[in-house]
Novice: 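I have a structure I would like to understand better, so I am pasting it below and will then ask my questions one at a time.
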Amino acid sequence: TVPDQLFGIWYQMRCLRQNRRRIELFVEVLRIWFEAEERFETLRRFQAGPAGASPAALREAATTAEYFAATLEGTSYEEPAREMSLRHWIHTGDLHETALAHAEFLRMKAGGAQFNDAQAYASLGHWSLEHGDPQTALAALAEAAKSNPPPETIFDYAIALGTAGFHAKALEQFDAVVAAASGNIALLTSGLTNRGVAKGVAGDLPGALADCTAVVELAGAPKEQVAKALLNRGVAKGMAGDLPGALADCTAVVELAGAPKEQVAQALFNRGVTKGNTGDHAGARADFTAVVEMDGAPAEQVAHALANRGVAATKLENGTAAQADWERVLRMDKADATAGITAAGGLFELHWLAGRREDAGQVLELFKHRLWARSDSGKAEDIVRLLSRLAMPALREAWPQAWRRLANGQPPGVGEALEFLKPVTEVLEGADASILNGLSPEQREFAQRILARFNADSRNRGESPPPDSSSSSEQTKLVS
């Protein structure tokens, strides 16, 4: 094996330009001594170290991982090796070194191009956005934004801000992108589309509609951006109560030559939801079926279409079709939590009201085993969303049993997070509502709103559902 002491010089060598050739030679030595598969397997087994490891140990681990990843440039393992190496550096908490490491990978790939610090931060931020790490992306792009960055970096920074929930700041950055991108139609349309989303999130529907329309009417706008703008304009019109306008924009996407399949599938889904909201459940079911049967439709969109096709089937009094669709969702690997909650809630209600109590219980067990969130807090949130979905007069007797079944056998973190709903079950079973007084103000308000949903009169008065609850069918969403 390669002597361990050789790895210790990597960090110093990489930072010293005069030693660059020695680094490259050492990488070549590793390439000669080990097959690519062996090097990748070594990198894969190598861990960044347990929580609480010293900074020096974390840096040594990151340096070693970077060295092995460098030997895999140009092989089929290049991308996963680079990601593993960067994850090691991110784990150290040293953003600057992480940016330099990413820039070094780009330098090798580009044949020697050099990056200054601002460019290194910008490239790391872009990579982090693409790889689902918004926290690192925001930190890196905030650093890049300090050095008069180009519009492309400002755009990435705006995306990172919006993803982190800083919508007002994101809107400011999108304004800057639109102002600076007049000569770049691809960037201009992306900036307008995403600024429209930011305005919609902020409640500025006229502003959102204006930005979407600007993209739709812009000569030479890319088809993908036109499709996104039409989708978002349809959503904004629906939010403003213009359902015919929303339907027209969805249809325009479906009929748009060259529109990406993902956008066409989303347009069909949105049109199905909107038709359902107008009472055209047969039309809604037809649009959801078109998504399910579309070649190349993303699996997650298929899951959403199946979940909502089941809802449409119940409106058409076809419980058998609804059951088949919902069971299919709960067995899909690519279904997400929203589709799963819609399917599980509908299927539980269907079985319970038909007197199939054991089948209803099995739905909850299947949902427990298919929880999509990775963290305990995420799993608890999904369970609360399902329980909110089940809070209705017809399921008053079922709800306490559902809570117990979902809470039973959960990891401590999940079980503790669900404990605040135990008083709701007790009130439903006859206890005095004063037992809610032991909850925190936020928990008590949530519990009271859950209980209100079991009152038929309150539901008829149109009281709003609790936060994080899922409606019987999903809603259309803005697309960035």
Side-chain angles (χ1 to χ4, degrees), residues 125-126 128-130 132-135 137-139 141-142 145 151 153-181 187-216 218 221 224-243 245-246 249-250 253 262-263 266-267 269-271 273-274 277 300-301 304 336-339 341 378 381 385 388 464-471 473-480:
H126 186 80
S128 299
L129 284 175
E130 291 183 333
D133 186 357
Q135 182 177 356
L138 182 58
L141 290 163
T153 298
I154 299 173
F155 177 83
D156 283 347
Y157 185 36
I159 293 291
L161 285 166
T163 303
F166 300 111
H167 302 297
K169 292 182 178 179
L171 188 54
E172 292 177 1
Q173 298 302 317
F174 283 128
D175 284 340
V177 172
V178 172
L187 185 60
L188 176 61
T189 53
S190 294
L192 285 167
T193 299
N194 285 275
R195 189 174 71 174
V197 172
K199 289 178 178 179
V201 171
D204 179 11
L205 294 183
L209 288 168
D211 278 347
C212 293
T213 299
V215 175
V216 172
L218 185 63
E224 180 180 0
Q225 292 301 326
V226 172
K228 286 182 178 181
L230 284 166
L231 280 169
N232 290 338
R233 192 172 71 175
V235 173
K237 287 178 178 179
M239 293 170 67
D242 180 11
L243 297 186
D249 280 343
C250 290
V253 177
E262 181 178 357
Q263 309 303 334
Q266 187 66 52
F269 175 83
N270 287 2
R271 192 172 70 177
V273 171
T274 304
N277 290 337
E300 187 173 299
Q301 288 184 327
H304 284 269
D336 65 5
T338 299
I341 289 165
E381 180 181 348
R385 290 174 62 196
S388 298
S464 61
D468 298 324
S469 69
S470 175
S471 59
S473 64
E474 299 170 34
Q475 303 300 308
T476 57
K477 300 175 181 178
L478 294 167
V479 178
S480 59

Novice: Could you give the distance from CZ (Phe166) to CG (Leu161), rounded to the nearest 0.5 Å?
Specialist: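 CG of Leu161 is found 7.5 Å from CZ of Phe166.
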Novice: Considering only heavy atoms from C-beta outward, does the side chain of Gln173 approach that of Lys169 to under 4.5 Å?
Specialist: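 The answer is no, as the side chains (C-beta and beyond) never meet within the 4.5 Å cut-off.
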Novice: Hey, is the main chain of Ala339 close enough, under 3.5 Å, to the side chain of Asp336 for a donor-acceptor pair?
Specialist: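 Judged by distance alone, yes, a pair lies under 3.5 Å.
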Novice: Within a strict 4.5 Å, meaning less than it, do heavy atoms of the Thr338 and Arg385 side chains meet?
Specialist: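 Of all side-chain heavy-atom pairs linking Arg385 with Thr338, at least one is under 4.5 Å.
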Novice: Looking at every non-hydrogen atom in both residues, tell me the closest pair between His167 and Gly162 and how far apart they are.
Specialist: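 Closest approach of His167 to Gly162: CE1-O, 3.4 Å.
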Novice: With side chain to side chain contact (heavy atoms under 4.5 Å, CB included) as the criterion, how do Phe269 and Gln301 come out once you've worked through the C-alpha distance, each side chain's angles and the decisive distance to 0.1 Å?
Specialist: CA-CA 8 Å; Phe269 175 83; Gln301 288 184 327; over 6 Å; no
Novice: OG1 of Thr213 to CG of Asn232: how many Å apart, nearest 0.5 Å?
Specialist: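 The CG atom of Asn232 is 11.0 Å from OG1 of Thr213, to the nearest 0.5 Å.
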Novice: I'd like to know if Lys228 pairs up with Glu224 as an ion pair, taking the criterion as any Lys NZ or Arg NE/NH1/NH2 lying under 4.0 Å from an Asp or Glu carboxylate oxygen.
Specialist: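 Result for this pair is yes, salt bridge flagged.
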Novice: Does the side chain of Asn270 reach to within under 4.5 Å of the side chain of Val253, using non-hydrogen atoms?
Specialist: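 No. Closest side-chain heavy atoms not under 4.5 Å.
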Novice: Which heavy atom in Leu141 sits nearest to a heavy atom in Gly125, and how many Å separate them?
Specialist: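 Nearest heavy atoms, Leu141 then Gly125: CG-CA, 3.7 Å.
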Novice: State, to 0.1 Å, how close Gly196 and Ala208 come at their nearest heavy-atom pair, and which atoms those are.
Specialist: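 In this case the closest contact between Gly196 and Ala208 is O-CB, 3.3 Å.
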Novice: Give the minimum heavy-atom separation between Leu188 and Ala181, together with the two atoms involved.
Specialist: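 Closest approach of Leu188 to Ala181, heavy atoms only: CB-O, 3.5 Å.
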Novice: Measure the spacing between CG of Leu187 and CD1 of Ile154 and express it to the nearest 0.5 Å.
Specialist: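 Reported value, rounded in 0.5 Å steps: 9.0 Å.
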Novice: What closest approach, in Å, do Ala198 and Phe174 show between heavy atoms, and which atom pair accounts for it?
Specialist: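 What the structure gives for the nearest pair is CB-CD1, 4.3 Å.
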Novice: Does any non-hydrogen side-chain atom of Phe155 lie less than 4.5 Å from one of Ile159?
Specialist: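 Ile159 vs Phe155: side chains touch.
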Novice: Return the OG1 to CG distance between Thr163 and Leu129, rounded to the nearest 0.5 Å.
Specialist: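 The OG1 atom of Thr163 sits 6.5 Å away from the CG atom of Leu129.
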Novice: Applying side chain to side chain contact (heavy atoms under 4.5 Å, CB included) to Asp211 and Val178, what does each step give before you reach the verdict?
Specialist: CA-CA 10 Å; Asp211 278 347; Val178 172; over 6 Å; no
Novice: Just verifying a value: how many Å separate Asp133 CG and Leu138 CG, rounded to the nearest 0.5 Å?
Specialist: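 Going from CG on Asp133 over to CG on Leu138, the span is 10.5 Å.
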Novice: Taking all atoms of both residues into account, what is the closest heavy-atom pair of Ala236 and Leu209, and its distance?
Specialist: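 Taking every non-hydrogen atom into account, CB-CD2, 3.7 Å.
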Novice: Roughly how far, to the nearest 0.5 Å, is the CD atom of Gln225 from the SG atom of Cys212?
Specialist: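 It is 10.5 Å, given to the nearest 0.5 Å.
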